[in-house]
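What follows is a short report on a single structure.
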Amino acid sequence: MPKPHETLPRIAPDSALFLDFDGTLVELAEQPEAIQVPPGLAATLSALSTQLQGALALVSGRRLLDLDHFLAPLLLPAAGEHGAQRRRADGSLVNAPTVDLQPALLAAESLLAQHAGLKLERKNLALSLHYRHAPELEDLCLQTMRAAMARSPGLDMMQGKFVIDVKPAGVSKGTAIAAFLAEAPFAGRVPLFVGDDVTDEAGFAEVARLGGQGIKVGPGLTLAAYRCDSVAHLAAWLQSAVLTHSPDSERKAS
């Protein structure tokens with residue numbers, strides 16, 4: 001059983017910190033574009049990145065473009081679309097091999113044409129079918145997308161919180177974290193990964209395999225070693241790490 005938020009691990013100087021976005025750094029919203037970024041979040045992430053000598057990355061299902069928009073002007077190393085796209089610390093981009101999304105796209109568009117309440121997010125190398133406003137359509141969405149996947153070699157499907165994600169096979173948040181940890185400034189550091197959804201479990205498994213720790217935000221079964229009960233508590237944990245390493249705290253300690 002994961003340890004509660006009161007005992008969350010310390011962000012040590014030799015940590016490599018990986019953070020999911022929706023449901024972790026920001027509260028989930030009725031529509032993906034409607035999320036509210038807490039005041040001061042970008043400043044906190046920037047300060048932590050500086051403390052960790054750049055070893056902080058976002059690992060999200062969103063497009064890199066969306067992450068940059070919500071945290072502007074902050075530009076962090078990041079993996080988007082569940083690992084299908086990755087921006088290294090030096091700013092260079094790595095993409096998964098291009099796959100044929102057309103069967104999955106046509107199936108999702110057919111569902112949207114027949115049922116109100118569904119939303120389709122078309123990404124660069126992936127797509128997300130949201131049914132938060134029509135949860136009664138969950139089974140239909142799953143059946144339809146599974147049938148489309150049978151005609152789409154090279155693709156993989158995941159179910160998250162009221163969403164079905166279609167992405168290139170062989171990539172995940174776990175593979176993205178492993179790739180970061182093979183490069184500067186992440187290499188040789190102890191990984192910490194924070195996420196909230198079943199799509200984050202590959203990341204929790206990877207950091208555990210590499211001797212690090214996972215933190216799950218919210219309820220649900222998980223491979224993470226720790227649990228944080230809310231986005232607000234996670235924000236407080238991140239901010240406390242900044243305060244612990246602030247110049248004022250260091251002067252007081254001396």
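- Within 6.0 Å of CD in Q36 there are 12 or fewer heavy atoms belonging to other residues, nucleotides or ligands.
- Residues L125 and A84 come closest through the heavy atom pair CD1-O, 3.4 Å.
- Residues L67 and A78 come closest through the heavy atom pair CD1-CB, 4.3 Å.
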*Please report the C-alpha distance between R62 and D22 in whole Å, then the side-chain angles of each, then the deciding distance to 0.1 Å, and finally whether the salt bridge (charged side-chain N to carboxylate O under 4.0 Å, His left out) criterion is met.*
CA-CA 9 Å; R62 284 191 184 261; D22 293 273; 2.6 Å; yes
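- The CG atom of L64 lies 8.5 Å from the CG atom of N95; values are rounded to the nearest 0.5 Å.
- In this structure a side-chain-to-backbone donor-acceptor pair under 3.5 Å is missing from H82 to V171.
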*Between R87 and D68, is a salt bridge (charged side-chain N to carboxylate O under 4.0 Å, His left out) present by the stated rule, with each step listed?*
CA-CA 11 Å; R87 181 171 60 223; D68 295 344; 2.8 Å; yes
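- Remark: F70 CZ is packed, more than 12 non-hydrogen atoms of other residues, nucleotides or ligands lying under 6.0 Å away.
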*Let me see the working for Q31 and R132 under side-chain contact (heavy atoms from CB on, under 4.5 Å), right down to the final yes or no.*
CA-CA 8 Å; Q31 298 291 352; R132 180 175 299 275; over 6 Å; no
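- Minimum interatomic distance between L137 and H115 (heavy atoms only, all atoms of both residues): CD1-CB, 3.5 Å.
- Applying salt bridge (charged side-chain N to carboxylate O under 4.0 Å, His left out) to K173 and the options D197, D20, D165 leaves one that passes, D20.
- Minimum heavy-atom separation, P103 to R151: CG-O, 3.9 Å.
- A donor-acceptor pair under 3.5 Å links the side-chain atoms of R227 to the main chain of G218, judged by distance alone.
- Side chain of K216 to main chain of F204: no donor-acceptor pair is present (N/O by atom type, distance under 3.5 Å, no hydrogens or angles).
- Looking at E183, its side chain never comes within 3.5 Å of a backbone N or O of R88 through a donor-acceptor pair.
- When atom types are taken as modelled, the side chain of R189 and the backbone of P13 share a donor-acceptor pair closer than 3.5 angstrom.
- Although no hydrogens or angles enter the test, the distance criterion places a donor-acceptor pair under 3.5 Å between the side chain of S172 and the main chain of G174.
- Atom CZ of R146 is separated from atom CD of Q159 by 7.0 Å, given to the nearest 0.5 angstrom.
- Residues A104 and S152 share a closest heavy-atom pair of N-OG, 4.1 Å.
- Applying the 6.0 Å contact sphere to CD of Q53 captures no more than 12 heavy atoms from other residues, nucleotides or ligands.
- At distances below 3.5 Å, not a single donor-acceptor pair connects side-chain atoms of R63 with backbone N or O atoms of R122.
- Open room surrounds CG on L221; 12 or fewer heavy atoms of other groups in view lie less than 6.0 Å from it.
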*Kindly determine whether L76 and L19 satisfy side-chain contact (heavy atoms from CB on, under 4.5 Å), including the steps that lead there.*
CA-CA 11 Å; L76 292 167; L19 299 165; over 6 Å; no
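- For the atom pair CG of L65 and CG of N124, the computed distance is 8.0 Å after rounding to the nearest 0.5 Å.
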*Could you walk me through whether M157 and L142 pass side-chain contact (heavy atoms from CB on, under 4.5 Å), step by step?*
CA-CA 9 Å; M157 188 180 93; L142 286 169; 4.1 Å; yes
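- Proximity of a side-chain donor or acceptor of W237 to a complementary backbone N or O of P9 within less than 3.5 Å is detected.
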